[in-house]
Amino acid sequence: MLPEARERAALLTDVRTEVHLDLTSTEDFGVEATISFGCTRPGASTFLELNGATEVTLDGRPAAYAEGRIPLPDLAATNTVRVTARMPYVTDGDGMTVTVDPADGERYVCAHTSMDITQKVIPCFDQPDIKSTFDVTVTAPSHWTVLANGRLAGRSTGTTGDTTHDTWTFETTPPFSSYLFTLVGGPWVSVTWDEPYAPAPGGTLPFGWHARASQEHDLRRFADELRRITSTCFQHYTTVFEPEYPYADYQQVFAPGLNWGAMEFPGCVVYRDQALMKGTPTELERQWMASTIAHEMAHMWFGDLVTMTWWEDSWLNESFADFMGYDVAGTAAGYTDAWTSAAITRKPAGYRADRRRSTHPIAEDTDKIVDVDTAFANFDMITYAKGNAALAQLGHWLGEEDFLAGVNTHLTKHAFGNADLAAFLDSLDSASDHDVRAWAEAWLRTTGFDTLRVTRDDSGVPVLTREGSRPHRLTVSAYDDDMRLVGSRDVHLGGQPVRLEEFAGRVVVPNSGDETFAVIRPDEQSWAAITAGLSSVESQLTRAMLWWTAVDLCESQVIGVGDLVDLADRHLRPETHPLVFEGVMKALQSVTRRYAAPEDVAGHLAVVADLARHAVEGGVPDLAPGASRALARLSADRTFLVEWLERGDEVDPGVRWAAVHRLAELGDPSHIDAEAERDRSVAGHHAALTARAAVPTPEAKAEAWDRLMGGELGNHEFDAVAAGFWGWEQADLVRPYLTRYVTDGLDLARRSGQAMGDVIGDAFPSLPLSTESRLELRDTVAAALEGDVPTVLARSWNDSLDDLQRTLPQA
Ligand SMILES: [Zn+2]
């Protein structure tokens, strides 16, 4: 933390913010804020942040406003300041974001804040450990609905000239950090209800789901499920957490232009508008939605009620919410296989992140967070996926009851305040006899992960050994030669090897319940039986963990891509669990693109396409949505794809777009315009951009490139064009762009913000390239990184270089 920030947190008390926002102009918006606060050292001075404002006044006079700050000199014991300003709208998702819906021309305005972005919307003391109450009023067009952090208190109509507009007034909120401030306005369609909650006045709280008017059909179609997940999670959290739900309502909005997947604004959670399901969602998509709803709601306590003191403890928000998200989606919302999906999708992202040079302790070193861009880059898969897995292991190691007791002590003790790692450990320690500080030192303050290896002694007794440094509590299971379960055992594994006498001669699988974060290396006898009988393992969670082990062996170049594809050819055909099937299919496509020799790729992907076809035709209805998308993306059969499109509404819109994209990639772009006409949604707009960028001619690539690097695209549009550009069969065609990606991408990143830097990094070419091309790409990126690269892009490129390095032939 900067000394200046530390000093300001010590100086200010009892901050209250009244703010009126005027959204009636489409040119810019008006802010009037009255901020009152106490000062512990009268005579001292401080400052408010306000970023990008024009016409700034302080207490009615032009303010001494410079470099995004309004100085507040010579403070009294109590102070009230009044600031007015005109502020710009933005389109990059960092600030007061305006989106015009291509489907109907309606305009939406969303204050997408978080981190240090709230200062682009209102004047504030913009740091997490200074909390303020907020009294918000908003004036906006009369046909809109406006939602904000507080509960709606009233609405009145007024006129200026010959236009009418309404003013929405919201109740005073409890105190929260500036980065959690939001409001969203537009002609939303809404599904609302009164959620039973005994402590609330009247016994209920207003709840709602909101989406753009053009998404009404999908909102209504999924409303029952969205409401059911919301209610069951809320009833669960308000039962297990001791502090009451802190806010006066709970609104959830599919908000356009959001850069994050979702954001936990108190009482007013926003999701990317693409997250609203369409057509027939796949099982992974359904499970993601449930886990994300549970994740954001957990933040009402973890993050919003109790907030990390500074960004090095962002894990206290995110690791907890991520863990709760998967856990509560399972225990409360009925997505009982959420941990199976975590085993094959979420945890692997954590292992991959932990192998890179950019890995860091889950609880980061304070002095490493040098600025907000560095903090932003640490909202990564160490903080989410690995932190989630470590907390799951902690709960298993401590026992659920003690874990929850410690968590409740933490929430109660620091309610409406801030806390750090030491405070959290104090709370856990008070609830448990275990040495939680030693556990935290081993798990939260280190990098990397352990390997759990099985060997055999001379008499065939399996011996489990830890290579690494962490204590583990895990299930070890034994199987017969046909992979039928014969027994399981709870094992505490530390520095001493554990002999598994009772499993002599048996196939042994450590971590069969996937409780710990460590990769496994079974002995030769066990691995032979596993690869022969993987689909016979009864537990889908164990199968998912074993599939990840096979993917990990491939990414570690212990087995070849061909071996992995062969394993899938044998054991994915009998697979009936949709999360395992879909998760493995995704992994196969990604590994093939990155690791296979270019000449082998078509053959491997033909096998994967055939697996998809087998699942589509195989009569297991749950597999069809995911398999259809994969088949449409991988099929080389143009006639089959065109026939699919001719079947009209019978085929899911996501599958239709996958087929249009694939046909364009195969050289037939004739279906793009018709499909874009058919689907005028934001998703359709993005899918059309992807398909156009996929057309395999030098002219189409040149046009897509100019569009990509022209600086006119929004972040999601950039993602969409990049997703089509690097076609997996197009290495020769896009080769000239490998170097240009680095030079043009860097130019664009220098002209843009944090969020654009992130999507430029995500557009890193991940198509099958010859070793020579990979080396050339590596050297070009490495050379660029020697110069001045914006922080967020530099982090992303360093990670991509590490990933690329793993695909090169190992010396
Ligand atoms: Zn979160």
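Counting starts at 1 for both ligands and their atoms, following the listed order.
The atom name of the N/O/S atom in H295 closest to the Zn ion (ligand 1) is NE2. In E318, the N, O or S atom that comes nearest to the Zn ion (ligand 1) is OE1.
Taking the six-membered ring for Trp, F320 and F424 have ring centres closer than 6.0 Å. Aromatic ring centres of Y250 and W209: separated by at least 6.0 Å. Between Y245 and W301, the distance separating the two ring centers is shorter than 6.0 angstrom.
In the displayed structure, E401 atom CD is contacted under 6.0 Å by at most 12 heavy atoms of other residues, nucleotides or ligands.
The Zn ion (ligand 1) does not have E296 among its coordinating residues (no N/O/S atom, backbone or side chain, under 2.8 Å).
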